[in-house]
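Accompanying notes for the structure given below.
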Amino acid sequence: MDRRRMLHAFKAAEEIGDYEEVPVLPTKVDPQMFLSRNSVTQPFHLICGKDTVLVQMSGTADVYFKDSSVNRFHMTVGDHVYVPAGTPHRVVPSEEGVQIRYKARVAGLEGVAWYCPGCDRELHRVEWDTAQKVSQDAYRAACLAFNADDSLRHCGDCGAQHPRIDMGPFAAWQPLAEQLRAELLTS
């Protein structure tokens, strides 16, 4: 997807998959805008090392927070949700929608985490430096590793097992990561 001064969000969203977080502004713009079309539950809780803001452009969704004074925020069209740095959060759409995430151009550390479906204890966390690894690569690798190792999905406290992640909706992460890596090499 070509970056421009601003894309038509709804037209651009037709071309992308769930939670792709496609950067849409020229590479030097800070903060950067990331576009996603979301029709399924985010497969993990995302943890951003710097503050971010989510904007609901269409559809509705709930954002669930961990380690926060707010547990859930219901988003409808036009809502903006501030996500403090280091706060695990997960988007659960109630209908397909388009979201924009405002995030620092140099995002720093990011991570993903999974929680027990029984007792809500953290099961597994993966972190990376966005200067060293494209986030979409990290999302994919973390989800594949989580699926491959039953011990990562098993809760030692209550014995519950987290279900495997259906990777079908997230097939576009790898091609996007390849495109973003190519951009980094040419910029």
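This structure is a prediction, so every number in the text was calculated from the model and none was measured.
Taking each heavy atom of His89 and Gln42 in turn, the nearest pair found is O-OE1, 4.0 Å. When all heavy atoms of Arg72 and Asp62 are compared, the pair lying nearest together is NH1-OD1, 2.7 Å. The nearest pair of heavy atoms linking Ala142 to Trp114 is O-CH2, 3.6 Å. Annotation for Tyr82 and Asp51: closest pair OH-OD2, 2.9 Å, computed over non-hydrogen atoms. Considering every non-hydrogen atom in both Trp128 and Gly111, the closest pair reads CZ3-CA, 3.5 Å. Shown here for Pro31 and Val29, the closest heavy-atom pair between the two residues is O-CG1, 3.6 Å.
Between atom CZ of residue Arg101 and atom OG1 of residue Thr52 there is a gap of 4.5 Å, rounded to the nearest 0.5 Å. We find the CG-CD1 distance between Leu25 and Ile100 to be 8.5 Å, quoted to the nearest 0.5 Å. With rounding to the nearest 0.5 Å, the separation of CD in Gln56 from CG in Asn38 is 7.5 Å. Note that CE of Met75 and NE2 of His80 are 8.0 Å apart. Values are rounded to the nearest 0.5 Å. One distance of note links CE of Met167 with CZ of Phe146; it measures 12.0 Å at 0.5 Å rounding. His124 NE2 to Arg153 CZ: the interatomic distance, rounded to the nearest 0.5 Å, is 11.5 Å.
His45 and Tyr115 have perpendicular rings, their planes meeting at more than 60° on a 0 to 90° scale where under 30° would count as parallel.
Judged by distance alone, with hydrogens and angles left aside, the side-chain atoms of Arg121 form no donor-acceptor pair with the main-chain N or O of Cys116 at under 3.5 Å. When atom types are taken as modelled, the side chain of Lys50 and the backbone of Val106 share a donor-acceptor pair closer than 3.5 angstrom. The backbone N or O of Arg164 sits nowhere less than 3.5 Å from a side-chain atom of Asn147 that would complete a donor-acceptor pair. Under a 3.5 Å cut-off, the side chain of Gln32 and the backbone N or O of Pro26 do form a donor-acceptor pair. Distance alone, capped at 3.5 Å, is enough to place a donor-acceptor pair between the Ser58 side chain and the Val98 backbone.
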> Does the pair Val112 and Ile47 meet the rule for a side-chain contact (heavy atoms from CB on, under 4.5 Å), with working shown?
Replying inline: CA-CA 6 Å; Val112 295; Ile47 307 161; over 6 Å; no
> Between Leu176 and Val22, is a side-chain contact (heavy atoms from CB on, under 4.5 Å) present by the stated rule, with each step listed?
Replying inline: CA-CA 8 Å; Leu176 176 60; Val22 177; 3.7 Å; yes
>> Between Glu20 and Gln136, is the side-chain contact (heavy atoms from CB on, under 4.5 Å) condition met? List the steps.
In response: CA-CA 7 Å; Glu20 269 194 71; Gln136 291 78 0; 5.7 Å; no
>> Before you tell me yes or no, could you show the steps for Leu35 and Met57 under side-chain contact (heavy atoms from CB on, under 4.5 Å), namely the whole-Å CA-CA distance, both residues' side-chain angles and the distance that decides it to 0.1 Å?
In response: CA-CA 10 Å; Leu35 182 68; Met57 301 294 291; 5.6 Å; no
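Val92 is not connected to Leu123 by any chain of hydrophobic side-chain contacts under 4.5 Å among Ile, Leu, Val, Met, Phe, Trp and Tyr, and they are in different clusters. Hydrophobic clustering (side-chain heavy atoms under 4.5 Å, transitive across Ile, Leu, Val, Met, Phe, Trp, Tyr) groups Phe170 together with Val126. When the side chains of ILVMFWY residues are joined at heavy-atom separations under 4.5 Å, either directly or via intervening members, Val83 and Tyr102 end up in two distinct hydrophobic clusters. In the hydrophobic cluster analysis, where Ile, Leu, Val, Met, Phe, Trp and Tyr join through side-chain heavy atoms closer than 4.5 angstrom, Val55 is grouped apart from Phe73. Note: the hydrophobic cluster containing Val134 does not contain Leu109 (ILVMFWY, side chain heavy atoms under 4.5 Å, direct or indirect links).
Taking the six-membered ring for Trp and the full ring otherwise, Tyr139 and Phe44 have centroids separated by under 6.0 Å.
A salt bridge between Lys103 and Glu21 is present, with a side-chain N of the basic residue lying under 4.0 Å from a carboxylate O of the acidic one.
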